[in-house]
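Below is one structure, written out as structure tokens, with a few remarks after it.
Values below: all heavy atoms of this structure, side chains included; hydrogens, waters and symmetry mates excluded. Residue numbers count from 1 along this sequence.
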Amino acid sequence: MKLSRLRVRNLRSITDSGEFSVQTLLGIVGENNCGKSNLLRAIEVLLSAGSGRLGRSDFKDPTLPIVIKGTFEALTEIEKKRWKSYLVEGKLILEKQISPTTDDRTGKEKISAEFHGYRSEPTAAHLSLRKIYEKFGDRPKWVDIVKTADLPEYFLSEGKCTKTDFTKGLERYLGENDVEYDVPDLSATQALGLQSNVIASLPAVYLLPAITDYSDEIDRRSSTSTFRRLMGDLSERILQRDPRFIELQQALETIRSLLNRVETLDVPKRINSLSIVETKIAELLRRIMPSVQGVALAVEVQNLSDLFSAGVSLAVDDGVQTDVMAKGHGLQRCLVFTLLQTLILNERNQLVPEAVADASSERPIILLIEEPELYIHPQLGKLFFDVMREFSRSDQVIYSTHSPIFVDAYSSEQVVLISKPSIADGTKVRSCNTAAFTELSERRVFQGFAKLNPAVNELFFARRVMLVEGPEDLIAITAVLQKAGKISQRVEELEWSVIPCGGKKSIPFFQRVLNAFGIPYRVLHDLDLEEGMSEDKKAITLKENDAIRILAGGAPIHTFPITLERSLGRTEHFRDQYDAHSFFVNPANINAEVLTIIETAFA
């Protein structure tokens, strides 16, 4: 089961995110304070019990509910059977509706949460409570329905059948049999019932926040921390594939029976000293309270996942062997990714040679990470991104980032841009509109995205982009704007990012990328039209200029009449970036024509 679409309303900065696609690996890109963390939090809340620890301050409009809608696809056969009555064209669509309410007993305000889905009814009328009531009224004869429809004996209790008996029997029958369902009613959602049942059937979610002190996450005393829960679940996955896993389970059962009363003949008898303690406690207690008949002492024995989440310590020897909590934040975060790499090997049966467990029965994981680049050396960051990508092949990774290293432009569907146009509009999500590339061959798309290296990926983080032909143009723009007193050091002071495209022929592909994500931009390029040029060369040049103009739509296009160098009074092109730097280091070399063109472009 994979989360494939998401829509969030009324949560913190989000008025309505709009529905957007979620990939198995998804990077959320945007400025500070625009709502990236709120989207990750929304996914955690959707897949958590209750209200997910939300409070009144989390409601953008306290008069309206928070609604988080998720669509799940790629269900296993077991999951399809479990959710069959709620599937819409093979997809599971769930809403979590969260509202402030008043506790009837105390009169205090509380936050309530309820799952809703689009439910369909079984086609056979005798398998639908709603259809039964429609046909027989408010008081149907349940035993007659069971006998007429020849339903199994477990619908009956001592030959009789109440509504409770029928409901329990129906739940079992629908779970055990392949039943046909009507087309779901999409006019309104219906409540799903017990949240614990819903949560247990959805992916497990783990949020690794961008916390200041990462040691809090791996503290052995914090058994409920994200790190500890993740470590427990991943360890259990690994153990379940070991052929000796059954020995661990049997050992735990032996410990339980030695410490507790177990009404089973095939387990060791409880140790006598505990029974003696129970008897003595009851005897002493009866002296104070004669009505006491006895006491029962129970010792809780943890499950395997609990043992690993709370009971495992890890020491690292990097010259001095100490607990990982005593190491730096970078090493601590490295440990999380090391665990993920270990899991990846396990999923591929490369960790335990004699692996026997069926991975399809394991609960899928959605890992949410805030700023995976934190505390990490940039080169290590590239390796971490590879680990995240590998993990997403079996489960899901959704992360927010400010680093171009964590953006794979070629997989543009794995990136969403977040913005907050105004407080009233709230956080908005923009996915890639792949229609921008439909005219191009796969080869052309690959060649285009190959130019989007981490340095160029800055465009995904920009408020506004200026596309230029080459790095010499960036040098010229910086020098001109400094001379005009517009900037001190760099163009980013004006909230612009200048992207050299590697030549005029490459500009149209960058335009397609910016169009696909709705990023505002302008273009500054050479017209390359001069007197005396051949008709063939002129035709090619006009075609290149038209391609830029057509793709720009309403985006402004600014040009040098012939070339930047000609406008500067030079007859030769700049040989390289150093040649351009040497020229522009003297502000006197910047003439009025170039000053006007560039100032106008950034106006």
Side-chain angles (χ1 to χ4, degrees), residues 27-37 210 371-374 376 378 381 400-409 412 415-422 427-428 430 451-503 506-507 509-511 513-525 552 555-560 564 574 577-578 580-581 583-585 587 590 594-603:
I28 302 174
V29 174
E31 297 181 10
N32 290 325
N33 199 38
C34 67
K36 299 187 299 298
S37 296
E371 302 177 34
E373 67 270 18
L374 281 182
I376 300 301
S400 63
T401 183
H402 291 284
S403 171
I405 292 175
F406 284 83
V407 174
D408 181 3
S412 53
V415 180
V416 294
L417 302 188
I418 309 298
S419 63
K420 189 166 66 175
S422 68
T427 298
K428 296 294 182 183
R430 301 196 305 275
K451 297 179 183 294
L452 273 69
N453 53 53
V456 177
N457 280 349
E458 182 184 335
L459 65 86
F460 290 105
F461 300 83
R463 288 190 175 184
R464 297 176 293 181
V465 172
M466 180 67 74
L467 297 178
V468 297
E469 294 186 32
E472 295 81 10
D473 297 286
L474 174 57
I475 292 171
I477 287 169
T478 304
V480 167
L481 295 178
Q482 286 175 336
K483 179 175 181 176
K486 302 290 186 181
I487 62 173
S488 174
Q489 296 292 333
R490 58 185 72 247
V491 182
E492 282 75 11
E493 297 167 29
L494 300 177
E495 297 183 343
W496 281 90
S497 288
V498 179
I499 303 297
C501 298
S506 298
I507 289 176
F509 188 84
F510 283 78
Q511 289 178 274
V513 173
L514 294 167
N515 290 339
F517 284 97
I519 301 172
Y521 70 93
R522 297 180 183 181
V523 182
L524 175 61
H525 69 90
I557 304 293
H558 301 272
T559 60
F560 297 106
L564 167 63
F574 291 119
Q577 294 179 58
Y578 180 74
H581 168 75
F583 180 86
F584 285 107
V585 76
I590 302 171
V594 171
L595 189 68
T596 300
I597 291 172
I598 291 178
E599 278 196 289
T600 302
F602 285 88

S419: which residues meet the side-chain contact (heavy atoms from CB on, under 4.5 Å) condition with it, sequence neighbours left out? P421, K428, R430
Kindly check if the number of other-residue, nucleotide or ligand heavy atoms within 6.0 Å of NZ (K420) is above 12? yes
Under 4.5 Å between any side-chain heavy atoms of L524 and I477, yes or no? yes
Given side chains that start at C-beta, do those of S412 and V513 come closer than 4.5 Å, heavy atoms only? no
To the nearest 0.5 Å, atom CD1 of I499 lies from atom CD1 of I507 at 12.0 Å
Over all heavy atoms of both residues, which pair between I557 and A552 is shortest? Give the atoms and the distance, please. CD1-CB, 3.5 Å
R522 side chain to A601 main-chain N or O, any donor-acceptor pair under 3.5 Å? yes
Hey, is the main chain of H402 close enough, under 3.5 Å, to the side chain of E373 for a donor-acceptor pair? yes
More than 12 non-hydrogen atoms from neighbouring residues, nucleotides or ligands closer than 6.0 Å to CZ on R490, yes or no? no
Is any side-chain heavy atom of K36 closer than 4.5 Å to one of T401? no
Is there side-chain contact between V456 and F510, with at least one heavy-atom pair below 4.5 Å? yes
Do F461 and V407 come close enough that some side-chain heavy atom pair is under 4.5 Å? yes
Supply the atom-to-atom distance Q577 CD to D473 CG, rounded to the nearest 0.5 angstrom. 10.5 Å
Grab the two heavy atoms, one from A484 and one from L595, that are nearest each other, plus how far apart they are. CB-CD1, 4.2 Å
Parallel, tilted or perpendicular: which describes the rings of F460 and F517, with under 30° parallel and over 60° perpendicular? perpendicular
T596: partners by side-chain contact (heavy atoms from CB on, under 4.5 Å), with sequence neighbours left out: T600
Could you give the distance from CD1 (I28) to CD1 (I418), rounded to the nearest 0.5 Å? 5.5 Å
If I compare all heavy atoms of A462 with all of I519, which pair ends up nearest, and what's the gap? O-CG2, 4.2 Å
Show your reasoning for whether side chain to side chain contact (heavy atoms under 4.5 Å, CB included) applies to F560 and I598. CA-CA 9 Å; F560 297 106; I598 291 178; 4.3 Å; yes
Is any side-chain heavy atom of R463 less than 4.5 Å from a side-chain heavy atom of P520? no
In short, C501 meets L467 closest at the heavy-atom pair SG-CD2, 3.8 Å
Between F574 and L564, is there a side-chain heavy-atom distance shorter than 4.5 Å? yes
Side chain proximity check, F602 to K486, heavy atoms < 4.5 angstrom: no
dist E599:CD -> H558:NE2 (nearest 0.5 Å) comes out at 12.5 Å
Of all the heavy-atom pairs spanning A479 and F584, show the shortest one and how long it is. CB-CB, 3.7 Å
On a heavy-atom basis, the closest approach of I597 and T559 is CG2-O, 3.8 Å
